[in-house]
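Here the structure is laid out as structure tokens; the discussion comes afterwards.
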Amino acid sequence: MPIQQSIPFDNSFAKEMDGFYVPQVAANFPKPTVVQFNAGLAKELGFDEVVFNSDEGAGFFSGQDIPDNAFPLSQVYAGHQFGGFSPQLGDGRALLLGEVVDQKNTRYDIQLKGSGPTTFSRRGDGKAVIGPVLREYLMGEAMHALNIPTTRALAAVTTGEKVMRDGFQPGAILTRVASSHLRVGTFQFFAARQDHEKLKQLADYSIKRHYSEFANHKEKYLELLKAVQAKQASLIAKWMSVGFVHGVMNTDNMTISGETIDYGPCAFMDHYDAKVVFSSIDEQGRYAYGNQPVIAQWNLARFAETLIPLINPEDSDQAIQLATDELNKFPELYQDKWLDEMRAKLGLVDPKESDLDLVNTLFKAMDRQHVDYTKLFRKLADAARGETHDLFKLFNDKASIKSWVERWLKRLSQNNIALNECADGMDRVNPIYIARNHKVEEALQAATVKSDYKPFEKLLGILSNPYKKQDGMEAYEESASDGAAPYVTFCGT
């Protein structure tokens, strides 16, 4: 079936949200070619792999061949970027083609990223290059395999042209799939203009799309704040549990759905360091690993500000108090979510009040020890089986970890299940493989410089099954050598 007839787009945003977007078309590209296609995701969405992983698919994934029932548009939003407010941002290089409903009746956006300039490009060319496109593809799929809510990649195409980014590089476009692209910054755009009618329209649409269970609640806008806060608390707890650093937690990069979005200067930390930063421009460490929960609450406060006219249109003081009361619950809410994650990672089956101190003491033991964060939890599972040698080798100062392990093993004995069972449970939630930074760069370099996608595909395959030992892949378990330069990432594609 031709692409023109094979996508049952159902474009609620385009139909219902006039004034929240600008219709757009993609730039012209000389020779679009599919270089990566996510067959598993395509199947979930009901897309035919034979049709889409083809020259015809390349036309679709580059915006050259748009089905008649699509409605390509660029969304408008604002945002706080590194603490400073930009009243208008918007999709400067992205087109929302439309929405599809999958086999589970879940609605998803299909968006092109890097498809050329839009109304919101701010003098940019609106295009992307292959390295950052593949980074987002890889990171999204790695996060999905780790059971962390995320946008995902359906395809990556090269465009057949060169784009100037630190020299000329192969142009590329990512097809991104998301529950929606509604952001805190979307609300900020209309709040900054005091357009309360549009704010209400946006809030009602967000509730209808993501939180329909309280659509008829008399305090639905306060419920919206609570729901988004709960989603973000859970999301950030999951980031922290695997050592993920987003790198650019601007309010335009915080989704209402609770999905991770925009993998620019992101990375997984190899060695534990609460202050680690990978972004070249985050010189003050605003978005450091350890700051992510605090920044999440700050972003949620900005979201709450936009909802004040809706929570109580007649009494802003009361609305502010209600919103503040909810925001003040975030630290405890986040801690509970984080502690749940850490209990699972440490095999603590029956919750106990002492668990928080036990976990915090482990992080104190890791501090300034150059401990491989991912390896630590796999080696702890081995320790539960009686094999402690490799665990202790991770620490320069072995005394603190030895005393902690004694305390932890005593706590495990209170689970009323065998230690081997505890260890097996830990292995189900603690990955062997993460997107090690040097391996990511090797794969991206091969694709960018040599058009060799084999290293990328190999890494993608490994990260798609992160919990199971894979024969011959020991090199993908290791961090970069101690003599390697500090890892640096860059915003933008």
Mark yes or no for whether Gln297, through its side chain, and Leu327, through its backbone, hold a donor-acceptor pair below 3.5 Å. yes

Centroid-centroid under 6.0 Å between Phe71 and Phe9 rings: no

Glu99 versus Ser12, side-chain donor and acceptor atoms under 3.5 Å: yes

side-chain hydrogen bond (donor to acceptor under 3.5 Å, both in side chains) between Tyr221 and Asp204: does it pass, once the steps are laid out? CA-CA 8 Å; Tyr221 303 117; Asp204 288 342; 2.7 Å; yes

Does the ring centre of Phe190 sit less than 6.0 Å away from the ring centre of Phe20? yes

Residues Gln75 and Thr186: side-chain donor-acceptor under 3.5 angstrom: no

Can the ring centroids of Phe37 and Phe52 be said to lie less than 6.0 angstrom from one another? no

Should the ring pair Tyr272 and Tyr289 be called parallel, tilted or perpendicular, given that the plane angle runs from 0 to 90° and is split at 30 and 60? perpendicular

Short side-chain to backbone donor-acceptor contact, Asn69 and Ile7, under 3.5 Å: yes

Would you say Lys238 and Phe244 make side-chain contact, with heavy atoms under 4.5 Å? no

So does Lys231 get a backbone contact from the side chain of Ser234, meaning a donor-acceptor N/O pair under 3.5 Å? no

Asn291 side chain to Gly285 backbone, donor-acceptor under 3.5 Å: yes

Phe377 vs Tyr373 aromatic rings, parallel, tilted or perpendicular, using cut-offs 30° and 60°? perpendicular

Any donor-acceptor N or O pair under 3.5 Å, side chains Gln24, Thr119: yes

Sequence neighbours excluded, which residues qualify as side chain to side chain contact (heavy atoms under 4.5 Å, CB included) partners of His210? Ser179, Ser180, Leu182, Ser257

Do side-chain atoms of Thr448 reach the backbone of Gln445 as a donor and acceptor pair under 3.5 angstrom? no

Say whether Asp325 and Gln321, considering side chains only, have a donor N or O and an acceptor N or O under 3.5 Å apart. yes

Asn38 side chain near Phe47 side chain, heavy-atom distance below 4.5 Å: no

Determine whether the side chains of Gln201 and Glu16 contain a donor N or O and an acceptor N or O closer than 3.5 Å. no

